[in-house]
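Worksheet: the structure to be examined is printed underneath.
Below, chains carry the letters A, B, ... as their sequence lines are ordered, and counting in each starts from 1.
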Amino acid sequence: MSNVTITLPDGTKKEAPAGVKIADFVKDSIGPGLAKAAVFARLDGQDVDLTRPIEKDAALQIFTSKSPEALEVARHDAAHIVADAVQRLYPGTQVTIGPSIEDGFYYDFFREKPFTPEDLEKIEAEANKIVQADLPFRREEVQVAEAIALFEKMGEKFKVEIVNDIVAKGAKTLTLYRHGDWVDFCLGPHGPSTAKVGVIKITKSSGAYWRGDHRNPMLQRIYGTAFFDKKALDAWLKQREEAEKRDHRRLGKELDLFHFHPFAPGSAFWTPKGTAIYTALSSYMRKLCLDNGYVEIKTPLLYNKGLWEISGHWGKYKENMFLVEDSDTKEHDFSLKPMNCPSHHLFYGFKKHSYRDLPLRFHTQDVLHRNEAAGSLGGLTRVRQFAQDDAHIYCREDQIADETKRFVQLLDKVYNALGLTYVPKFATRPPQRLGDDALWDKAEGALKSALDGLGLKYELKPGDGAFYGPKLDFDVCDSIGRRWQLGTFQVDYLAPSKDRFDLTYIGEDNAEHRPVVLHRAIFGSFERFIAILIEHFSGAFPCWLAPVQVTLVTVADRHLDYARSLKEKLRGLGYRVELDERGMTMQAKIREAQLQKIPFTLVVGDKEVEQQAVAPRRYGGEDLKTMPVTQFVELLQKEAAVP
RNA sequence: GCCGACAUAGCUCAGUCGGUAGAGCAACUGAUUCGUAAUCAGUAGGUCGCCGGUUCAAAUCCGGCUGUCGGCUCCA
């Protein structure tokens, strides 16, 4: 028998007989320890089971339970195990698909009755029994006809449909994976046996449409996660608990920032404290825009449908708009604006523009309404009424690159100031699009050169651009690692066109030209951005954003007059100050100030009154010792400075 | 919009088998005047989300609606 040469990741080359199973090779030629810890292998870049033979010279990498890749495989194993458990407990339930996802896995079933919470408990117990049973995963390659016959016999109609689909794509054979008596059609790879999975936790269930299409039957989806050992699961559960503590809906109540009422679903009521944050961000963004060559405009909130017909919203977005009945015509001819762009385009058209006007940058923070599906509303992250830090830039084509650079720099400044890290995503031309390739080449080239010029790393999302132009989306990572798409920058050649808004400018050649529109936002929406900041800071805002920046605590009631005068003084300087006059002890008031995460608590007693001083304490407990009021004002000035 | 769960005082929650509600915190009153994370006592606060049904009797069981939550769909 001939030998094959196997190259390990460190470059070591080893000889083994051709056809040797990966597992055996690892055990005999590398070490039994690794063999025991191995979950799957990568053979010449392809992920495979450890039971696969090595037929030719190849590079081999082994993934053990320490690697994230192996955890992903184990979670896919877990999905199979859960499906097995479900079919053991509830015969007649059909399986569909069950991938591993970030943080776990899901499996979709077809079944008349949804799963109850009690069902899920039973399923979890059954799944972990299968784990304990240590059943090996077995891979089997079969002809498609054989697979179809098998699934038809089993009554697995959805599986038959999936197999037929891949047959249509030209597949002749496919792989089955079995553990015990259970079988699924699956690409793999899988771990060596069910025991390797460790521990399975069912987290939730929900409905999900077959193939994600709401016209298709509703399936029952079970979500779960798996870890190689219970300790890791416990750590994950604990981390989830911590995340719940900083949930903006919870902190919104605890810190008294906003409310919702059933009479206005999806629209927030902002308390004085919440409003303070909102206003601070709004003023900050306004100043930033004005300082960077934008002008601020305000446009109407309500428009005749004529506008939406030009913009295309009436055809494409109508179901998301709040229509308003005209009391004269009794027709729903008006709509609240869901976006600012059309009104900005109208504004641009109010006068003739010269090339000297460009780039023209309109900033607007108007209120927008979108009739989001009832079931999709949630806290401040998905609302029906909100405001964007919106702007539209009207420029010449040759100015796109520079405008992109300016925008990215502005965005970088804002996110850095708030401690948010981000990843730009470059979304290029989609299959269905307007405009010719030369136009797209130019637009994409401009975005790319701007990103390259700034030395920014970005991810590519080919084909994910808007139908009217390429875009950059900015995914922000918050302090607990969750990602949110906030900022956006989009190139739009469509809106200025003849049959849309027919926007023009007079060029140096004294002829009419069409500007390009750049849609852009940094916060995205104030509502959602505040939600993310609440969770990012866990409610402990930096001083410039804190709803209450300073709270005054008196040692005894006789110090109240002094405290009141201090409050007026600081308020007069423009700071947000509170004085708690309730008849509680100083200690209780300090505790409350800490729970409210107020940046500075000023304690005043006999000593402070006498010396015209304050004793500041920072959020977190640092005692700054008694200092003159003037000195504290200097400190506050520094700490509360807008970045 | 679809699937499921949930809805009790301002907040967090208890309320067993159907017998018309209870705690802590907050509020209010009084006493206490205290040096860096909870002083003590008392008072008040609820058509148990809304509408209907079953029952002698409903917070509790059933149906509808609204809202919230977890997903799905959608997300210029």
5' to 3', nucleotides 64-76 of chain B under a 4.0 Å protein heavy-atom cut-off (B base, S sugar-phosphate only, - none) gives ---SSSBBBBBBB

Practice task
Take atom CD of E72(A) as the centre, draw a 6.0 Å sphere, and report whether it contains more than 12 heavy atoms from other residues, nucleotides or ligands.
Solution key: no

Dot-bracket assigned to RNA chain B with the 3.5 Å Watson-Crick/G-U criterion, [ ] for crossing and | for other-strand pairs, is (((((((..((((.....[..)))).(((((.......))))).....(((((..]....))))))))))))....

Next item on the list: Indicate, with a heavy-atom threshold strictly under 4.0 Å, whether K607(A) touches base, sugar-phosphate, or nothing.
Entry: base

Between CG of L251(A) and P of rU12(B) the distance, given in whole Å, is 13 Å

Pairwise C1' distance, rA9(B) and rC25(B) [rounded to whole Å]
12 Å

D108(A) CG to rG4(B) C1', in whole Å, measures 14 Å

Separation of rG4(B) atom P from Q220(A) atom CD, nearest Å, is 7 Å

- Looking for any heavy atom pair under 4.0 Å, which part of the strands does Q587(A) touch: base, sugar-phosphate only, or nothing? sugar-phosphate

When rounded to whole Å, the NZ to C1' distance for the pair K245(A) and rU12(B) reads 15 Å

Rounded to whole Å, the CD1-C1' distance (I598(A) to rA37(B)) equals 13 Å

What distance, rounded to whole Å, do you find between the two C1' atoms, one in rA59(B) and one in rU55(B)?
16 Å

- Item | Axial cation check for Y619(A) ring with K597(A), 6.0 Å and 45° limits | no

Whole-angstrom distance between rC40(B) and rA26(B), as gauged at atom P: 10 Å

Side chain to side chain donor-acceptor pair (under 3.5 Å) filter on R215(A), not counting sequence neighbours, yields D213(A)

Would you classify E622(A) as touching base, sugar-phosphate or nothing, given that sugar-phosphate means primed atoms plus P, OP1 and OP2, and contacts are heavy atoms under 4.0 Å?
nothing

- Task: For the residue pair H261(A) and F263(A), categorise the inter-ring angle as parallel (less than 30°), tilted (30 to 60°) or perpendicular (more than 60°).
- Result: tilted

For rC50(B) versus rU66(B), give the span between their C1' atoms, rounded off to a whole number of Å. 7 Å

M584(A) CE to rG30(B) P, in whole Å, measures 17 Å

request  = Give D606(A) one of three labels, base, sugar-phosphate or nothing, depending on what nucleic acid heavy atoms sit under 4.0 Å from its own.
outcome  = base

message: Using the ring centroid of each side chain, check whether F105(A) and Y107(A) are separated by less than 6.0 Å.
response: no

Separation of rC34(B) atom C1' from R591(A) atom CZ, nearest Å, is 17 Å

Practice prompt. Verify, without hydrogens or angle tests, whether Q94(A) (side chain) and K157(A) (backbone) share a donor-acceptor contact under 3.5 angstrom.
Written response: yes

rC75(B) and rG71(B), which share atom name C1', separated by this distance in whole Å | 16 Å

Can you give me the N/O atom pairs linking the protein to nucleotides 7-9 of chain B at distances under 3.5 Å, or say none if there are none?
none

Residues pairing under side-chain hydrogen bond (donor to acceptor under 3.5 Å, both in side chains) where one sits in residues 337-347 of chain A, two or more places apart or in two chains, turn out to be T299(A)-K337(A), T299(A)-S343(A), K337(A)-N340(A), K337(A)-D366(A), N340(A)-D390(A), H344(A)-T364(A), H344(A)-H392(A), H345(A)-Y394(A)

Discussion item. Taking atom types as they are modelled, would you say the side chain of R582(A) forms a donor-acceptor pair with the base of rA27(B) within the 3.5 Å cutoff?
Written reply: no

By nearest-heavy-atom nucleotide on RNA chain B, the more 5' of T116(A) and A615(A) is T116(A)

Across all chains, not counting sequence neighbours, the side chain to side chain contact (heavy atoms under 4.5 Å, CB included) partners of K316(A) are F467(A)

Point to revise | NZ/NE/NH1/NH2 to OD/OE distance under 4.0 Å, E592(A) and R582(A) | key: yes

Note to self: Can you see if the side chain of K589(A) gets near the phosphate of rC34(B) - specifically, an N or O under 4.0 Å from OP1 or OP2?
What the structure shows: no

Carboxylate-amine/guanidinium proximity below 4.0 Å for E459(A) and K425(A)
yes

Expressed as a whole number of Å, how far does the P atom of rG4(B) sit from that of rC11(B)? 28 Å

Review point. Is T554(A) reaching over with its side chain to a backbone N or O of L560(A), donor-acceptor style, under 3.5 angstrom?
Key: no

Item checked: Euclidean distance for C1', rG64(B) against rU16(B) (whole angstrom) -> 29 Å

Exercise for the section: Could you measure between the two C1' atoms, the one in rA27(B) and the one in rG10(B), and give it in whole Å? Expected result: 8 Å

Ring centroid separation for Y303(A) and H313(A), is it under 6.0 angstrom? no

Per atom distances to the L595(A) side chain, the nearest of rU33(B), rA37(B), rG35(B) is rA37(B)

Whole-Å distance, D580(A) CG to rA26(B) P, equals 11 Å

For this session: On the 0 to 90° scale, with breaks at 30° and 60°, tag the H214(A)-Y209(A) ring pair as parallel, tilted or perpendicular.
Result: perpendicular

